[in-house]
Amino acid sequence: SVMNQLLGMHQVEKEISQYFGIKRCIVVAGNSDNQEKVLYEFGDILTDSLDLILPEGENIIAVMGGTTMAMTAEHMGSLETEKRHNLFVPARGGIGEAMTVQANSVSAVMASKTGGHHRALYVPEQLSLETYNSLLQEPSIQEVLTLIEQSNCVVHSIGRALHMAARRKMSDDEMVMLKQNNAVAESFGYFFDEEGEVVYKIPRIGLQLKDVQKIPNVVAIAGGKTKAKAIRAYMKNAPKQTWLITDEAAANEILKGV
Ligand code: G3H
């Protein structure tokens with residue numbers, strides 16, 4: 001029955017949040033590997049989750065990029081109230097994604113769908129260290145970096161390590177290094193092995209992993225059977241305040257190994 005299915009899903013959510021020691025897990029029916037509607041539902045659930053966790057006042061929400069984040073953003077709804085205002089910023093500088101799935105684009109879409117505001121971080125990717133360092137002195141860039149530092153919420157996805165490295169056109173040397181270190185997951189420019197240990201980090205400005213630990217509201221969104229291994233690896237050491245929004249296909253695969 002539908003009731004049994006719902007109870008089953010709640011049980012799975014509880015098992016997953018307990019297994020990872022995280023605050024909450026929400027599981028959407030289906031498999032986002034081949035069902036777009038699951039990604040749309042992530043948008044609804046992210047909206048509802050943020051509506052619950054974001055306090056009144058001025059919130060700064062740092063967001064990452066990727067296709068999951070981009071699709072989720074498109075399906076968000078209003079989050080603005082008389083007492084609560086939200087500013088979306090990209091969590092980190094560009095890490096080699098196509099324009100439409102970059103954190104800058106995702107934060108702009110989330111702001112427009114939720115009725116909030118956004119600020120972009122314009123830092124080109126292929127720069128000499130010298131140019132990069134002088135760019136960081138620019139007041140307009142400093143201003144956005146300060147906002148990122150002040151964020152009280154972060155929303156990000158999780159990807160498969162080698163898949164993400166290839167998509168971001170990382171060098172052959174980097175690919176070899178990732179393989180040698182058994183990297184299986186990637187999130188906000190960090191690569192993780194199966195135990196959830198960081199094995200590599202793309203050197204970019206913005207939020208660092210240690211900052212995320214201290215942010216009170218953290219939401220990770222990732223689904224699909226193909227991502228189960230990556231999700232499990234990343235979630236092992238994820239900040240305890242994390243809410244994981246995932247799907248049935250990933251959840252069942254994650255629990256298989258438990
Ligand atoms: O960091 C993880 C990636 O942003 C995930 O990308 O949503 O396109 O799989 P994806």
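Counting convention: from 1, in listed order, for ligands and their atoms alike.
- No N or O atom of Ser187 sits closer than 3.5 Å to an N or O atom of ligand 1.
- Cluster annotation: Phe188 and Leu147 are assigned to the same hydrophobic cluster (Ile/Leu/Val/Met/Phe/Trp/Tyr, side-chain heavy-atom contacts under 4.5 Å, transitive).
- Checked against a 3.5 angstrom limit, the closest N/O atoms of Ile158 and ligand 1 fall outside it.
- Atom 1 (O) of ligand 1 has Glu186 OE1, 2.4 Å as its closest protein atom, hydrogens excluded (heavy atom only).
- Side chains of Gln102 and Ser105: a donor-acceptor N/O pair is absent below 3.5 angstrom, by distance only.
- The number of heavy-atom neighbours closer than 6.0 Å to NE2 of His117, taken from other residues, nucleotides and ligands shown, is 12 or below.
- Between His156 and Tyr190, the distance separating the two ring centers is not shorter than 6.0 angstrom.
- Atoms CG and OG1, from Leu54 and Thr114 in turn, are 9.5 Å apart once rounded to the nearest 0.5 Å.
- For the 3.5 Å distance criterion, the side chains of Glu15 and Tyr19 fail to qualify, holding no donor opposite an acceptor.
- Heavy-atom contacts of Lys227 reach the following atoms of ligand 1: 5 (C), 7 (O), 9 (O), 10 (P) (cutoff under 4.0 Å).
- Among protein heavy atoms, atom 4 (O) of ligand 1 sits closest to Gly65 O, 3.3 Å.
- Of the protein's non-hydrogen atoms, Thr68 OG1, 2.5 Å is the one closest to atom 7 (O) of ligand 1.
- Looking only at protein heavy atoms, the nearest one to atom 8 (O) of ligand 1 is Thr67 OG1, 2.5 Å.
- Within the 4.0 Å heavy-atom criterion, the part of Arg167 lying near ligand 1 is the side chain and not the backbone.
- Atoms of ligand 1 lying under 4.0 Å from any heavy atom of Gly66, numbered from 1 in the order shown and given with element: 4 (O), 6 (O), 7 (O), 8 (O).
- Residue contacts with ligand 1, taken as heavy atom pairs separated by less than 4.0 Å, involve Met164 solely via side-chain atoms from C-beta onward.
- The closest side-chain donor-acceptor pair between Asp193 and Asn182, if any, does not fall under 3.5 angstrom.
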